[in-house]
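Please read the structure below before turning to the comments.
Along the sequence shown, the residues carry numbers beginning at 1.
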Amino acid sequence: MIAHPTPLHRGFFMNAWIKIEIKFIGLAVLSGVLLTAAFPKINLAGVAWAALAPMLWVLKDAQPAEAFRRGALFGLAHFATLLYWLVPTMVTYGHLPLVLSIGILLLFASILSLLFIAPTLSGISLAARSPERLLFFLPLFWVGAEFLRSFLFTGFPWELMGYSQFQNLNLIQLSDILGVYGVSGLIVFANAALFLGALALRGQTWHGKRVTPRWAIGGVAATAVLVGAAWGYGELRIAQIDRLAAQAPKMRVAVIQGNIEQSQKWDPAFQIATIETYLRLSLSARPQRPELIVWPESAAPFYFLAEAPPTRMVMQGVQAAGAHFLIGAPSFELRGKAADYFNSTYLVGPGGEVLGKYDKAHLVPYGEYTPFKEYLPFLGKIVEHVGDFKPGVKGQTLDMQGRKLGIQICYEIIFPALGRAMVQNGAGLLITITNDAWYGTTAGPYQHFSLAILRAVENRRSLARAANTGISGFIDPAGRVLDPTPLMQEAAVVRELPLMDTVAIYTRVGDIFAAACLIGSLALIAWELLRRRITRYSLV
């Protein structure tokens, strides 16, 4: 006679399942929050090397569908806590209700998680069903997903794993070969090795397979060797770059931080006061004789050259300063009765002559243009402007007396390929201008600044950063942060920067490593699915 489960038995098993799921949910959320803690403002960079361990514990016996669900929770917790600063931005400047703003943040975090994190961890559960495979496949899949995040649906490679080490000068030198993705891969490899070591100590299994001491010890030893090699490479490379920088020609650059309140920035009543602030700060730097004075994104709150009175006022200040200026301002070009609008920066000579203009090439969705606005009209645009911006030419540089400048406006700095393209086109100095007033004193400005450090190291170029409310300052070709300004203060900082002409390996070859990881991970998933189908048919 076959015994059927009674309602009491069914209730017992259901309660046990619920308790296990709650435990798994808690571990997945914990792992996501720990990963966020590795980034600014918290800056516990060391946590990144073990932050994935709770999530891996959740996956250790999970089927692909379960891994997808649990990975989605991990990703949601990470992105929601990492990008929390979007909520006050939408409330204050998008004029959206708090509840709707939180909903949009959770929707955005969910999309990022479902597109990149959940499929990655589901793929790991599918293809890495042995301890040794986990050790090698986890960094492969993770880096591949990060690379996909850099371009899919216009891309959003904000605070990839490798950026958590932006203050670890020796380790980030690896990025001049493999980009930020190389640093990410190293950290994820360490997570896998430490997790397998913990399983071995506890006598636990990964998908039913015992973690042998050989693999546990080997994984930890390999991590030590890889980190040691990266550290040693960094030590040697820093010394080499410092020698090259000492021999390179120099340029004295001033960055100006006007600290203009965002609510006043586009108010006509404050237009003259804003211009006066930037001119006053620029002239205060004159005793240090800068060759180039850099204003932030949209520092000139009007259509430069098109509006005569404020343009004349700025040009008089430029001539008084006797230096070249980079001036952030919106611009437009007429097309019959219509107009194309651009987020631009102008290079102006000491005599007031316009030497060139760079138009932002990679625009911010829902900030500078509105994709799918026919379906999502409530989102609109946060930026105050009469129409959507148009993108400029990627990789364009500006020529300043034979010295080429690579300008990246705000959001563009998060895309490694843009800075690389400018250096390939001859840029000897990278400059990023931004207006982070949108984000107040949240983690947003600090996270944004951390991304610029890797652009300098990847391409071995000095980088100058001018931000409306901070953080402004300089980054040398080895990744050192020089003269950073505090948030919400006026500042004018001058620094002599080396103009390097060395071409790093990463500048030459780009994201071959990351692309290979993406292709490899997709191929492994396809092979595993094919193998399972063949096995299933052979058993029929």
Side-chain angles (χ1 to χ4, degrees), residues 250-262 264-331 344-358 398 400-401 403 405 407 409 429 431-437 462-474 482-497:
K250 308 296 191 296
M251 179 190 294
R252 293 189 68 80
V253 180
V255 292
I256 308 299
Q257 182 172 301
N259 192 33
I260 307 299
E261 168 62 40
Q262 187 59 37
Q264 298 177 0
K265 190 171 182 61
W266 297 100
D267 188 334
F270 294 94
Q271 184 185 81
I272 299 302
T274 297
I275 297 171
E276 288 176 341
T277 296
Y278 276 103
L279 290 177
R280 171 174 53 81
L281 291 169
S282 299
L283 292 172
S284 73
R286 186 168 49 179
Q288 298 180 67
R289 304 178 67 180
E291 299 172 69
L292 176 66
I293 297 176
V294 183
W295 288 9
E297 177 187 21
S298 299
F302 61 92
Y303 291 108
F304 191 64
L305 302 183
E307 298 181 51
T311 298
R312 185 163 48 248
M313 184 178 177
V314 169
M315 290 302 196
Q316 289 172 350
V318 169
Q319 292 170 349
H324 287 78
F325 273 68
L326 276 175
I327 298 172
S331 67
S344 306
T345 184
Y346 289 85
L347 177 61
V348 181
E353 64 280 14
V354 176
L355 303 177
K357 178 169 79 85
Y358 171 78
L398 297 180
M400 177 183 157
Q401 295 180 324
R403 296 169 289 183
L405 311 176
I407 292 89
I409 300 177
L429 173 66
I431 297 168
T432 180
I433 62 173
T434 187
N435 176 24
D436 288 349
S462 301
L463 187 146
R465 188 178 198 264
N468 174 34
T469 54
I471 303 166
S472 302
F474 308 96
L482 309 170
D483 304 324
T485 63
L487 292 177
M488 305 301 175
Q489 293 183 19
E490 291 184 1
V493 187
V494 181
R495 188 89 187 190
E496 187 174 73
L497 300 176

*L405 vs L292, side chain to side chain contact (heavy atoms under 4.5 Å, CB included): CA-CA, chis, key distance, verdict*: CA-CA 11 Å; L405 311 176; L292 176 66; 4.0 Å; yes

*Qualifying residues under side-chain hydrogen bond (donor to acceptor under 3.5 Å, both in side chains), relative to T485, sequence neighbours excluded*: Q257

*Passing option when Q271 is tested against D267, T274, I275 for side-chain contact (heavy atoms from CB on, under 4.5 Å)*: I275

*Pairs where residues 292-302 contributes a residue and the test side-chain hydrogen bond (donor to acceptor under 3.5 Å, both in side chains) is met, not counting sequence neighbours*: S282-W295, E297-N343

*Write down the atom of A285, the atom of V494, and the distance for their closest heavy-atom approach.*
CB-CG2, 3.8 Å

*asked:* Tell me which pairs pass salt bridge (charged side-chain N to carboxylate O under 4.0 Å, His left out) where either residue lies in residues 462-471, with sequence neighbours left out.
replied: D436-R465

*Evaluate the side-chain proximity of L326 to I433: yes if any heavy-atom separation is below 4.5 Å, no if none is.*
no

*Under the side-chain hydrogen bond (donor to acceptor under 3.5 Å, both in side chains) rule, collect the residues that match up with T432, sequence neighbours excluded.*
none

*Start with the C-alpha distance between N435 and Q262, add both sets of side-chain angles, then the distance that settles side chain to side chain donor-acceptor pair (under 3.5 Å), and finish with yes or no.*
CA-CA 9 Å; N435 176 24; Q262 187 59 37; 2.6 Å; yes

*Taking side chain as C-beta onward, heavy atoms only, is I431 less than 4.5 Å from T345?*
no

*Quick one: side-chain contact (heavy atoms from CB on, under 4.5 Å) partners of Q264, sequence neighbours excluded?*
E261, F270

_I'd like to check the salt bridge (Lys or Arg N to Asp or Glu O under 4.0 Å) partners of R280; sequence neighbours left out, ordered by chain and number._
E490

_Heavy-atom closest contact (A467 atom, S472 atom, distance)_ = N-OG, 2.9 Å

*How long is the span from the OG1 atom in T277 to the CG atom in N259, to the nearest 0.5 Å?*
9.0 Å

*Note, V253 side chain near R495 side chain (heavy atom, < 4.5 Å)*: no

*Return the minimal non-hydrogen interatomic distance between A492 and S284, and the atom names on each side.*
CB-OG, 3.8 Å

_Between I327 and Y278, is there a side-chain heavy-atom distance shorter than 4.5 Å?_
no

*Taking only residues two or more places apart in sequence or in another chain, which ones pass side-chain contact (heavy atoms from CB on, under 4.5 Å) with R289?*
none

*Sequence neighbours left out, what passes side-chain contact (heavy atoms from CB on, under 4.5 Å) with L355? Give chain and number order.*
H324, L347, E353

*Check the pair T469, M488 against side chain to side chain contact (heavy atoms under 4.5 Å, CB included), reporting the backbone distance first and the verdict last.*
CA-CA 5 Å; T469 54; M488 305 301 175; 4.0 Å; yes

*Of all the heavy-atom pairs spanning E291 and M400, show the shortest one and how long it is.*
O-CE, 3.6 Å

*Check for a donor-acceptor pair, side chain of E496 on one end and backbone N or O of R252 on the other, with a separation under 3.5 Å.*
no

*salt bridge (Lys or Arg N to Asp or Glu O under 4.0 Å) against K265, all qualifying residues, sequence neighbours excluded*: none

*asked:* Before you tell me yes or no, could you show the steps for M313 and L279 under side chain to side chain contact (heavy atoms under 4.5 Å, CB included), namely the whole-Å CA-CA distance, both residues' side-chain angles and the distance that decides it to 0.1 Å?
replied: CA-CA 9 Å; M313 184 178 177; L279 290 177; 4.3 Å; yes

*Identify, with sequence neighbours excluded, every residue that meets side-chain contact (heavy atoms from CB on, under 4.5 Å) alongside A273.*
none

_Set of ring-ring contact (aromatic ring centres under 6.0 Å, His included) partners for Y346, sequence neighbours left out_ = F304

*Take M315 and V354 through the test side chain to side chain contact (heavy atoms under 4.5 Å, CB included) and record every step on the way to the result.*
CA-CA 10 Å; M315 290 302 196; V354 176; 3.9 Å; yes

*Nearest heavy-atom pair of S462 and L429: which atoms, and what distance?*
O-CD1, 3.5 Å

_Taking every non-hydrogen atom, the tightest pair across P330 and F302_ = CD-O, 3.4 Å

